[in-house]
Asker: 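Structure in structure tokens, see below.
Counting starts at 1 for both ligands and their atoms, following the listed order.
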Amino acid sequence: MLPFARVTIVGLGLIGSSVARAVMQAMPTVRVTGYDADAGVRETADRLQICHDVADSAGAAVIDADLVILCVPVGAMGAVAAEFAADLPADAIVSDVGSCKAEVARALSAALPGATVIPAHPVAGTERSGPEAGFATLFKHRWCIVTPPEGADAAAVERVSEFWRRLGAEVETMAPEHHDRVLAVTSHLPHLIAYTIVGTASDLEEVTQSEVIKYSAGGFRDFTRIAASDPTMWRDVFLTNREAVLEMLQRFSEDLSHLQRAIRWGDGDALFDLFTRTRAVRRSIVEQGQDDDAPDFGRTHE
Ligand code: NAP
């Protein structure tokens with residue numbers, strides 16, 4: 001049996017439009033309603049027929065939903081939930097796709113007292129944004145981390161988990177605070193480092209912009225993909241997952257200082273040992289199917 005019959009997606013950007021497309025494909029009998037604050041996005045969603053119908057307000061979008069998924073930047077979650085709180089059916093489940101969980105859970109429960117809130121985070125995405133960037137297979141073979149609040153209704157957790165399984169994701173359950181620490185190191189810190197490297201390179205006065213771009217295949221261009229990610233989304237992630245990011249950043253700075261010393265004192269063994277360990281991490285990622293094995297990210301060299 002399908003876990004839900006009427007799904008509403010609030011925020012029709014990369015992730016929201018991908019969820020809508022995936023539901024239409026995997027569960028064609030489920031009614032999909034969308035809403036976005038941006039009239040241009042609503043028009044595009046309508047034109048591309050991303051969902052069955054696009055509502056003009058958050059309240060109208062949720063009026064008969066049995067699942068509402070918030071796909072807006074994490075800093076906007078509480079305000080969006082407050083917008084539709086009065087229209088939410090009593091038996092609806094509210095979920096989201098936000099990249100940080102503890103703060104979002106707090107914002108949603110405060111805005112929706114008494115509602116069943118089961119947050120989740122599909123660990124899948126690209127550096128693009130907007131409704132045209134979405135695609136139905138985005139979640140296939142990717143993890144979706146469900147972060148139920150303490151004492152959450154087990155049946156509701158299972159329905160949200162089954163929803164994601166039907167979109168092709170593998171589901172894992174985690175406490176929100178644990179999720180935030182794990183993602184701080186696997187996602188948020190790498191984005192911060194990429195933003196820094198790309199920013200530093202473009203600020204270097206003795207190296208011209210054209211040289212930075214011309215010789216980017218030396219490694220720089222792989223950071224630029226991550227550093228091209230949506231500015232609003234990532235501003236909100238760092239402000240929302242502040243504590244965990246600052247903690248991981250502190251550890252990272254200490255490790256960077258060790259590397260700096262190793263280079264200064266010509267400690268080749270320290271460098272070699274670290275680079276051997278990191279190569280093994282890459283191997284494990286490929287072995288666990290989280291990336292493919294093609295060298296140079298599969299770029300063709302013709
Ligand atoms: P996106 O492409 O920028 O889409 C977000 C959409 O939400 C935009 O159309 C935006 O409209 C709309 N929006 C903003 N505030 C709103 C509001 N108050 N009410 C209704 N709609 C509103 O961003 P995204 O990449 O899909 O990210 C959405 C969520 O997914 C974020 O919470 C993010 O943390 C999470 N996530 C992202 C990724 C990723 O790789 N991108 C992966 C996993 C999870 P405007 O045009 O006005 O901005």
Asker: One thing to verify: whether Glu103 and Arg106 come together as a salt bridge, which I'm taking to mean a side-chain N less than 4.0 angstrom from a carboxylate O.
Answerer: yes
Asker: Run the contact test for Glu127 against ligand 1 with a 4.0 Å cut-off on heavy atoms, strictly below, and give the result.
Answerer: no
Asker: Could you pull out all donor-acceptor pairs under 3.5 Å where a side-chain atom in residues 130-156 meets a protein atom, sequence neighbours excluded?
Answerer:
from	atom 1	to	atom 2	distance (Å)
Arg142	NH2	Gly289	O	3.4
Asp153	OD2	Ala156	N	3.4

Asker: Looking only at non-hydrogen atoms, find the nearest pair between Leu12 and Ala45 and report the distance.
Answerer: CD1-CB, 3.7 Å
Asker: For a quick test of reading the model, state the closest non-hydrogen atom pair linking Met248 to Arg181 and the distance between them.
Answerer: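 So the two residues come closest at CE-O, 3.7 Å.
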Asker: Does an N or O anywhere in Ser99 fall below 3.5 Å from an N or O of ligand 1?
Answerer: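 Between Ser99 and ligand 1 (N or O atoms, distance only) the closest approach is under 3.5 Å.
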Asker: Would you call the rings of Phe4 and Phe163 parallel, tilted or perpendicular if under 30° counts as parallel and over 60° as perpendicular?
Answerer: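 Rings of Phe4 and Phe163: perpendicular, over 60°.
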Asker: Heavy atoms of the protein only: does one fall short of 4.0 Å from atom 23 (O) of ligand 1?
Answerer: no
Asker: Give me the residue, atom name and distance of the protein heavy atom closest to atom 14 (C) of ligand 1.
Answerer: Pro73 CD, 3.6 Å
Asker: Write down the atom of Thr8, the atom of Ala65, and the distance for their closest heavy-atom approach.
Answerer: OG1-CB, 3.4 Å
Asker: Against heavy atoms of Gly11, which atoms of ligand 1 measure under 4.0 Å?
Answerer: 7 (O)
Asker: Within a distance under 4.0 Å of any heavy atom of Gly130, pick out the atoms of ligand 1 and give their elements.
Answerer: 2 (O)
Asker: For ligand 1, which atoms sit closer than 4.0 Å to a heavy atom of Gly13?
Answerer: 1 (P), 2 (O), 4 (O), 6 (C), 26 (O)
Asker: Under 4.0 Å between a Lys/Arg side-chain N and an Asp/Glu carboxylate O for Asp291 and Arg282?
Answerer: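 A salt bridge is present here (some side-chain N lies under 4.0 Å from a carboxylate O).
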Asker: Report yes if some N/O of Ala37 lies less than 3.5 Å from some N/O of ligand 1; otherwise report no.
Answerer: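 Among all N and O atoms of Ala37, at least one is under 3.5 Å from an N or O of ligand 1.
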Asker: Give the numbers and elements of all ligand 1 atoms closer than 4.0 Å to a heavy atom of Val97.
Answerer: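 Taking each heavy atom of Val97 in turn, ligand 1 has 29 (C), 30 (O), 35 (C), 36 (N), 44 (C) under 4.0 Å.
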Asker: Do Leu167 and Met27 have side chains that get closer than 4.5 Å, going by heavy atoms?
Answerer: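 Yes, their side chains come closer than 4.5 Å.
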Asker: For ligand 1, is Ala124 a contact, meaning one of its heavy atoms is under 4.0 Å away?
Answerer: yes
Asker: Might you check, step by step, whether the distance between atom 3 (O) of ligand 1 and some protein heavy atom is under 4.0 Å?
Answerer: yes
Asker: Please work out whether any backbone atom (N, CA, C, O) or any side-chain heavy atom from C-beta onward of Val74 is under 4.0 Å from ligand 1, and answer side chain, backbone, both or neither.
Answerer: both
Asker: Any N or O on Asp36 sitting closer than 3.5 Å to an N or O of ligand 1?
Answerer: yes
Asker: Among all protein non-hydrogen atoms, which one is nearest to atom 40 (O) of ligand 1, and what is the separation to 0.1 Å?
Answerer: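 Checked against all protein heavy atoms, atom 40 (O) of ligand 1 sits closest to Gly125 CA, 3.3 Å.
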Asker: Identify each donor-acceptor pair in which a side-chain atom of residues 76-96 lies under 3.5 Å from a protein atom, sequence neighbours left out, and give them as a table.
Answerer:
from	atom 1	to	atom 2	distance (Å)
Ser95	OG	Ile118	O	2.6
Asp96	OD1	Lys101	NZ	3.2
Asp96	OD1	Ala120	N	3.4
Asp96	OD2	Gly98	N	2.8
Asp96	OD2	Lys101	NZ	2.7

Asker: Could you give the distance from CZ (Phe220) to NZ (Lys214), rounded to the nearest 0.5 Å?
Answerer: 15.5 Å
Asker: Check this for me: does any side-chain nitrogen of one of Glu162 and Arg166 sit under 4.0 Å from a carboxylate oxygen of the other?
Answerer: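 The answer is yes: the pair qualifies as a salt bridge.
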Asker: Would you check the N or O atoms of Met77, main chain and side chain alike, for any that come under 3.5 Å of an N or O of ligand 1?
Answerer: no
Asker: I'd like to know if Arg221 pairs up with Asp296 as an ion pair, taking the criterion as any Lys NZ or Arg NE/NH1/NH2 lying under 4.0 Å from an Asp or Glu carboxylate oxygen.
Answerer: yes
Asker: Measuring from atom 5 (C) of ligand 1, which candidate in Ala120, Gly75, Cys71, Pro231 has the nearest non-hydrogen atom?
Answerer: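 Among Ala120, Gly75, Cys71, Pro231, the closest heavy atom to atom 5 (C) of ligand 1 belongs to Cys71.
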Asker: May I ask whether Arg128 has any heavy atom positioned less than 4.0 angstrom from an atom of ligand 1?
Answerer: no
Asker: Is the shortest N/O to N/O distance between Ile15 and ligand 1 below 3.5 Å?
Answerer: yes
Asker: Which atoms from ligand 1 have a heavy atom of Gly98 less than 4.0 Å away?
Answerer: 32 (O)
Asker: Starting from atom 46 (O) of ligand 1, find the nearest protein heavy-atom neighbour and note its residue, name and distance.
Answerer: Asp38 OD2, 2.9 Å
Asker: Please write down residue, atom name and distance for the protein heavy atom closest to atom 31 (C) of ligand 1.
Answerer: Val72 O, 3.3 Å
Asker: State, without any angle test, whether Arg21 and Ser17 hold a side-chain donor-acceptor pair at a distance under 3.5 Å.
Answerer: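 Ser17 and Arg21 do have a side-chain donor-acceptor pair below 3.5 Å.
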Asker: Is there a polar contact between ligand 1 and Val80, counting only N or O atoms under 3.5 Å apart?
Answerer: no
Asker: Do any nitrogen or oxygen atoms of Pro122 lie less than 3.5 angstrom from nitrogen or oxygen atoms of ligand 1?
Answerer: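 No, there is no polar N/O contact under 3.5 Å.
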Asker: For Thr126, state whether at least one heavy atom is located under 4.0 Å from any atom of ligand 1.
Answerer: yes
Asker: Do we see a donor-acceptor contact under 3.5 Å between the side chains of Glu287 and Ser284?
Answerer: no
Asker: Drop me the distance from His188's NE2 to Thr240's OG1, to the nearest 0.5 angstrom.
Answerer: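 It comes to 9.5 Å.
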Asker: What atoms of ligand 1 come closer than 4.0 angstrom to any heavy atom of Ser129?
Answerer: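 Atoms satisfying the 4.0 Å criterion: 1 (P), 2 (O), 3 (O).
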Asker: By number and element, which atoms of ligand 1 are closer than 4.0 Å to a non-hydrogen atom of His121?
Answerer: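 Checking each atom against His121, I get 43 (C), 44 (C).
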